[in-house]
Amino acid sequence: MSSEQDLQQIKDLQAELAEHNYKYYVLAQPSISDFDFDMKMKELERLEKQYNINDPNSPTQRVGSDLSSDFQQVTHKYTMLSLSNAYSQDELKDFDSRIQKIIGTNDYEYACELKFDGSSISLIYENGELVRAVTRGDGVKGDDVTTNVRTIQSVPLKLRGNDFPESFEIRGEIVMPFDAFNNLNVELEKSGEPLLANPRNTAAGTLKMKNSSIVASRKLDAYLYYVLGENLPEDGHYESLQKAREWGFKISEHTQLCKNIDEVFSFIEKWDTERFNLPVATDGIVIKLNSRKLQNNLGFTAKSPRWAIAYKFKAESVATILKSVSYQVGRTGAVTPVANLEPVLIAGTIVKRASLHNADIISNLDLHIDDTVFVEKGGEIIPKITGVDPAKRHPMFQPVQFIESCPECGTKLIRKEGEAAHYCPNEDACPPQIKGKMEHFVSRKAMDIDGIGQETIELLYNEGLAKNITQLYQLQKAQLLNLERMADKSAQRILDGLEASKQVPFERVLFALGIRFVGETVAKTLVKKLHTIENIQQQTKEQLVEIDEIGDRIAESVVEWFSNEEHLQFIQHLKEYGLQFAISEDQLEGQTNKLEGLSIVISGTFEQHSRDELKKLIEQNGGKNVGSISKKTSYLLAGSNVGPSKLEKVEKLGIPMISEDDFLKMIE
Ligand code: IVH
């Protein structure tokens with residue numbers, strides 16, 4: 001055969017195998033035997049190898065690779081928001097009334113969908129090919145898990161048809177079907193390994209595995225439920241999903257259009273029980289206003305779209321035995337009691353542990369060891385004990401006694417007036433507290449140290465390489481290379497990350513220190529007002545509360561933190577390593593108080609600056625950027641496409657609107 005014919009055959013085989021994959025995994029209607037499929041796949045592999053063809057979207061690439069991949073972080077084009085929740089018909093009626101009021105008619109439809117319980121994913125397609133798959137992450141940035149997602153057979157690598165937009169995003173849920181999950185647990189049990197708790201966590205964990213060939217073996221699935229992009233062919237959300245199905249995506253067949261809230265209620269009623277017959281876990285119903293135009297009118301809050309809501313199914317309650325109670329110490333020293341249970345199956349997953357939150361819960365339930373307890377698992381990860389069956393209690397059963405000293409370091413626990421939790425006060429030497437502080441220090445919103453995450457901290461701490469934050473900065477490459485599974489590349493990444501952290505601006509360093517109640521915003525405020533660590537350290541409580549937004553609780557905590565000699569030494573060390581403890585010249589230069597006392601809401605899209613830039617400008621000039629309009633708002637900084645509800649509100653409250661140009665003049 002000529003090479004031209006071979007190349008054509010490669011293309012044909014790729015297309016044919018993709019088609020069979022689609023029929024098998026998306027439609028569940030295979031039209032070829034497994035054997036024939038394998039033969040064709042082998043032939044394609046052989047040809048691709050012969051011609052050195054490396055198409056990442058070829059069906060041969062779905063098997064993954066055991067080359068370990070580190071995940072790059074990618075900023076989402078559209079922030080990945082969450083949904084607000086409803087637990088009753090009344091809450092849904094309220095949701096519907098709000099929508100009706102804003103739209104002004106009842107001429108709209110809802111798309112009702114199953115709420116899949118997995119791990120959300122954003123898929124980017126360009127020119128009909130998958131180019132990127134990104135996890136939700138913190139909503140703004142996620143991990144690039146494309147290599148792993150390529151192994152999921154129901155995710156199309158190349159789209160079908162030709163009426164898809166040149167570039168678009170589609171979101172959905174990566175799930176592990178019950179069958180795959182249970183088989184996996186059977187295997188784990190055989191090899192004596194600990195069992196996996198539920199399909200959702202397993203799907204999320206699998207997605208983040210470094211070895212994509214293991215991912216390929218895990219039989220994940222993906223349901224897509226949200227198409228985003230500029231030039232979508234349809235106005236209706238439901239209609240856009242039907243189109244996406246034609247392009248080859250797995251779209252649930254159970255999505256339904258409803259004309260009014262009563263139809264929504266019927267849909268919920270049906271799926272409340274019917275869901276147990278599905279192959280995958282669901283934890284509710286998502287109700288979305290169908291028209292994209294109307295969706296745009298409603299817009300978003302900081303956390304979720306106003307045009308959609310999740311109705312959560314009621315939790316299933318199951319009886320089991322309380323075997324013992326153990327205690328976990330968190331980053332803040334709070335001690336959480338955990339119930340160890342006789343394993344039970346709840347909503348398709350095995351539950352072995354339940355959080356008891358604090359000592360009051362234990363005494364309110366009057367828990368005794370060996371009691372028969374009722375356990376519920378809602379959409380939340382952690383199941384809870386909701387009651388005890390007193391008839392099953394034997395007089396010999398012993399009441400659960402809350403521990404008096406820390407299970408990790410032996411220090412006597414304290415309980416502050418009015419607080420529910422017990423604390424271990426040994427904050428600078430109790431292992432989980434130090435590890436927690438280290439984790440917080442390196443985390444994305446704090447020092448954002450590339451290459452160090454929870455597992456690395458655990459490893460460094462347990463191996464004695466870094467027993468506290470300062471020791472991180474003393475790490476040597478040779479020490480790191482001695483660690484198990486630490487390759488040269490990862491070691492270098494850690495060292496580079498630490499080096500780069502020396503340029504992280506002071507406000508984030510202050511946040512990273514982990515002073516109680518000093519979150520991101522408070523850290524920013526303190527740095528903007530006081531500029532240097534020395535200044536902050538010298539403030540009295542009275543001086544601190546003078547600052548806008550700093551209350552008693554924060555002020556007290558700051559003063560207390562700086563009164564500890566060890567903390568001062570800690571700062572001294574970090575200074576010596578070159579971390580930033582003063583506001584930068586640049587930040588100082590750009591700072592004015594031209595907008596002092598003004599609170600400004602930003603809405604719409606702008607020509608010259610992004611919304612983030614505008615927010616920064618407001619803050620740099622002493623103003624406050626707030627999310628929603630109230631009587632206290634000074635201006636609405638309005639771009640194009642401001643939502644009608646915002647316009648209505650400013651009009652009602654008589655709040656002046658300014659354009660981007662007006663605003664830039666104000667701070668000129
Ligand atoms: S729509 C802006 N539809 O539930 C709208 N989400 O609690 C974004 N989820 O983060 C989500 N099934 O991971 C939507 N049919 C569905 C869903 C769904 C599951 C997940 C998703 C989201 C979370 C919110």
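Just follow the structure's listing: the first ligand is 1, and inside any ligand the first atom is 1. Model, not experiment: these values are computed from the prediction. Values below: every heavy atom of this structure, side chains too, minus hydrogens, waters and symmetry copies.
Between Arg132 and Glu126 there is no salt bridge, since no side-chain nitrogen of the basic residue lies less than 4.0 Å from a carboxylate oxygen of the acidic one. Looking at Lys243 and Glu246, a side-chain N of the basic residue comes within less than 4.0 Å of a carboxylate O on the acidic one, giving a salt bridge.
Scored by the side chain to side chain contact (heavy atoms under 4.5 Å, CB included) test, Tyr125 finds Leu123, Leu130, Val155, Pro156, Leu159, Phe168, Ile170, Phe249 as partners (sequence neighbours excluded).
Closer than 4.0 angstrom to ligand 1 lie heavy atoms from Leu83, Glu113, Leu114, Lys115, Phe116, Ser120, Glu173, Tyr225, Tyr226, Val286, Lys288, Pro305.
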Between Glu169 and Lys77, does the salt bridge (charged side-chain N to carboxylate O under 4.0 Å, His left out) criterion hold? Intermediate values first, please. CA-CA 9 Å; Glu169 176 172 349; Lys77 183 166 178 198; over 6 Å; no
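If you look at Phe265 and Trp271, their ring centroids are not closer than 6.0 Å. The ring of Phe511 has its center closer than 6.0 angstrom to the ring center of His440.
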